[in-house]
Amino acid sequence: MIDWVHSHPEMLMHPLKLYPILVFMCSRPYEGAHTYTFTYDIQQADTIPKACDSAIPSLKRELGKLDISALPWNVRQRLFPYRYKELVEVVRRKPSTLCRMLNAETAIVDAILKLGTTDTPRLGLEKAVLQATRSLAVQLKRLSQEFNFSDRAEELVRIATEQLSQVLTEVR
């Protein structure tokens, strides 16, 4: 999270845009007992509270790591680590941005899983990778209204195929 904030310092001046991104980055759908859950179930009513609750421990820690000393006082005070609950409450009251991000994340994970499980055998590797890259580019663009992440689709496919290859090697 710190690297992202340092590379986008302009976001620090826009708390209503920043807070959902911070909660999204710190939330963990798979925290707890061993599970095969990769994303939140976006159809469930408790998705937003669950995402917000899981972000709290990490958010407090990550806010404490930020160097906010050079920021104006009104901006700094919103990012003090002890204000993490207020930050999460803002996101709970206006969850639309977080919801959109969770929807896009679910579609991204689905595209990666389809690439590794059904599309490659059905379409062949070349067509499956092309289809996954297109799908990922669309979803990455939907991930945020402030930033266009679609140029990272090929990198995401590369990472996914490397991980799949590693798992297949370990299984054998």
Examine Met13 and Leu87 and state if one hydrophobic cluster contains both, with Ile, Leu, Val, Met, Phe, Trp and Tyr joined whenever side-chain heavy atoms are less than 4.5 Å apart. yes
Say you draw a straight line from [atom1] of [X] to [atom2] of [Y]; how long is it, rounded to the nearest 0.5 Å?
X	Y	atom1	atom2	answer
Arg61	Lys65	CZ	NZ	6.0 Å
Leu102	Ile48	CG	CD1	5.0 Å
Thr47	Leu98	OG1	CG	9.5 Å
Leu22	Leu63	CG	CG	6.5 Å
Met25	Glu62	CE	CD	8.0 Å
Ser27	Lys50	OG	NZ	10.0 Å

Which atom pairs, donor and acceptor, lie under 3.5 Å between side-chain atoms of residues 122-134 and protein residues at least two apart or in another chain?
from   : atom 1 : to     : atom 2 : distance (Å)
Arg122 : NH2    : Asp119 : OD1    : 2.9
Thr133 : OG1    : Val129 : O      : 2.7

Would one find more than 12 heavy atoms of other residues, nucleotides or ligands at under 6.0 Å from atom CD of Glu154? no
Among Thr106, Ile112, Asp110, side chain to side chain contact (heavy atoms under 4.5 Å, CB included) partner for Ile108: Ile112
If only atom types and distance count, is the side chain of [X] paired as donor or acceptor with the main-chain N or O of [Y] below 3.5 Å?
X	Y	result
Arg76	Ser69	yes
Thr117	Leu113	yes
Ser54	Ala51	yes

Salt bridge Arg158-Glu162, side-chain N to carboxylate O under 4.0 Å: yes
Any ion pair linking Asp151 and Lys141 (charged N to carboxylate O, less than 4.0 Å)? no
Test item: Leu79 and Leu18 side chains (from C-beta on) under 4.5 Å apart, heavy atoms: yes
Could you tell me whether the side chain of Met11 reaches within less than 4.5 Å of the side chain of Ile21, counting heavy atoms only? yes
Show every ring-ring contact (aromatic ring centres under 6.0 Å, His included) that has at least one partner inside residues 51-76, sequence neighbours left out. Trp73-Phe80
So which atom in Gly64 and which in Pro81 form the shortest heavy-atom distance, rounded to 0.1 Å? CA-CG, 3.3 Å
Smallest separation among heavy atoms of Val23 and Ala55, with atom names: O-CB, 3.6 Å
Taking only residues two or more places apart in sequence or in another chain, which ones pass side-chain hydrogen bond (donor to acceptor under 3.5 Å, both in side chains) with Glu86? Arg83
Please identify each residue that fulfils side-chain hydrogen bond (donor to acceptor under 3.5 Å, both in side chains) with Ser96, with sequence neighbours left out. none
Who are the side chain to side chain contact (heavy atoms under 4.5 Å, CB included) partners of Pro15, not counting sequence neighbours? Tyr19, Arg78
Just to verify, what does Gln166 make a side chain to side chain contact (heavy atoms under 4.5 Å, CB included) with, not counting sequence neighbours? Gln163, Glu170
Check step by step if side-chain contact (heavy atoms from CB on, under 4.5 Å) holds for Arg92 and Asp53. CA-CA 10 Å; Arg92 285 185 205 265; Asp53 291 344; 2.4 Å; yes
